[in-house]
Amino acid sequence: MQIVYSENHHQHAADVEFFRGSLVSCYENPARADVIASRIREVGLGPLIEPSDFGIAPILRVHDERFVEFLTTAYHEWSKVAGDIDAFPHAWMGRGLGSGQIPIDIHGKLGYYAADAGTPISQGTWPAALLAAQIALTAQSHVWKTGESAFALSRPPGHHAARDVYGGYCFLNQAAIAAQAFLDQGAKKVAIVDVDFHHGNGTQSIFYDRADVLFVSLHGDPDFEYPYFLGHRHETGNGEGAGFNLNVPLSPGTTWDDYQKQLAVGLQRVHDFAPEYLVVSLGVDTFEGDPISQFRFGSHDFVELGQQLSKLGYPTLFIMEGGYAIDELGVNVANVLSGFES
Ligand code: Q9C
Ligand code: ZN
């Protein structure tokens, strides 16, 4: 399997995030990708290659131009008034309280574009997010050209980013950008399976009205878990997209044994859809030791997860999403990929 990686993810290094009313060290930190890369080298899963530059056009197929413009300038605008400290919003519009007009002031803009107060923007956030998208596009291009599978080992993650919203540690939606790239290159149908602990609200929202991308997500029930406002079972798609969105919310404490039965239903739906390509939003925050999540996968269960995904038989593009138990993160991710290859 081809692995696409760049050490330049280190540019996105925020200091703190809000957690239960306090500021704590960021869970989404550079050590995450480092330990995954190191484990992948250790088990010899495949060559780690550097990303190519596909420019901004494939990103603008998914994201709003003014949103991208905001991301490119946000830290600079913020640091002019706040100094060299991570940027956070402090005001949101609230239901019914927005005219739709985008504020000019940076604090207003942060509130306009952010979904939460848990996603700091640091000095190198934009270049790192752009690089993560290029990593996804490089891996996508490999899958497209060879029919082989690939892994985009990138951070920051992407599945909480919507067309013009950032949040949940995500800025650009790599999975959506890659799925759209397959379609733009001539594919007719692409399925995205999201196995991150959190619902992929950004990805769902991007494709909710469309029949050319099937979105299947298994996740912590949003009645209890981030992102709270999307990911319920009754969300099945809209208009032409009706029937092309499948959410499987699961209780806190869900084990692999519970999960795999639901996964089988989700993968059957993918099979029935008969896509040409599969994109996997790969979060391993379903691990029992994850500090912010509530499922109970053991490390060995990730091998089986990889095996189940490989049984579908599609050229598959894995995109790195969440997973915050640093000590086991490398093993858990490599286990999925090893299981997939076996
Ligand atoms: N401040 C992904 O796994 N915040 N994002 C949790 C800690 C949101 C997770 C509370 C978690 C987002 C890609
Ligand atoms: Zn997650």
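Quick note: residue numbers are just sequence positions, from 1. Numbering of ligands and ligand atoms starts at 1, following listing order.
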Restricting His198 to its N/O/S atoms, the closest one to the Zn ion (ligand 2) is ND1

If you round to the nearest 0.5 Å, how far is CD of Gln2 from CD of Glu148? 8.0 Å

Could you tell me whether Phe340 and Phe318 have their ring centroids closer than 6.0 angstrom? yes

Residue portion contacting ligand 1 (non-hydrogen atoms closer than 4.0 Å) for Asp285: side chain

Proximal ligand 1 atoms for Pro157, defined as those under 4.0 Å from one of its heavy atoms: 13 (C)

Specify whether Tyr277 and Trp144 have parallel, tilted or perpendicular ring planes, treating 30° as the upper limit for parallel and 60° as the lower limit for perpendicular. tilted

Contact (N/O only, under 3.5 Å) between His159 and ligand 1: no

Kindly confirm whether the Zn ion (ligand 2) is within less than 2.8 Å of some N/O/S atom in His159? no

Is Phe18 in polar range of ligand 1, meaning some N or O pair under 3.5 Å apart? yes

Answer key: the N, O or S atom of Asp285 nearest to the Zn ion (ligand 2) is OD2

Give, for atom CG of Asn201 and atom NE2 of His159, the distance between the pair rounded to the nearest 0.5 Å. 7.5 Å

Would a line drawn from the ring center of Trp78 to the ring center of His107 be shorter than 6.0 Å? yes

Using a 4.0 Å cut-off to any heavy atom of Phe19, which atoms of ligand 1 qualify? 1 (N), 7 (C), 10 (C)

For ligand 1, find out whether one of its N or O atoms is nearer than 3.5 Å to an N or O atom of Tyr226. no

With the threshold set at under 4.0 angstrom, would you say Gly118 reaches ligand 1 through any of its heavy atoms? no

At a non-hydrogen distance cut-off of under 4.0 Å, which region of His160 contacts ligand 1 (side chain, backbone, both, or neither)? side chain

Is the distance between the ring centroids of Phe207 and Phe244 less than 6.0 Å? no

Any N or O on Glu321 sitting closer than 3.5 Å to an N or O of ligand 1? no

Return the residue, atom name and 0.1 Å-rounded distance of the protein heavy atom closest to atom 4 (N) of ligand 1. Tyr169 OH, 3.9 Å

How are the rings of Tyr113 and Phe67 set to each other: parallel, tilted or perpendicular (split at 30° and 60°)? tilted

Between ligand 1 and Glu17, is the shortest N or O to N or O distance under 3.5 Å? yes

Just checking Leu97: does its CG atom have more than 12 heavy atoms from other residues, nucleotides or ligands closer to it than 6.0 angstrom? yes

Under 4.0 Å from a heavy atom of Gly168: give me the atoms of ligand 1 that qualify, with their elements. 2 (C), 5 (N), 9 (C), 12 (C), 13 (C)

Does the ring centre of Tyr169 sit less than 6.0 Å away from the ring centre of Tyr324? yes

With a sphere of 6.0 Å drawn around NE2 of His232, does it hold more than 12 non-hydrogen atoms of other residues, nucleotides or ligands? yes

How about Glu341: does its CD atom have over 12 heavy atoms from other parts shown lying under 6.0 Å from it? yes

How close does the nearest protein non-hydrogen atom get to atom 13 (C) of ligand 1, and which residue and atom is it? Tyr324 OH, 3.4 Å

Does Asp196 bring an N, O or S atom to within less than 2.8 Å of the Zn ion (ligand 2)? yes

Using a heavy-atom cut-off of under 4.0 Å, does the side chain or the backbone of Asp116 touch ligand 1, or both, or neither? neither

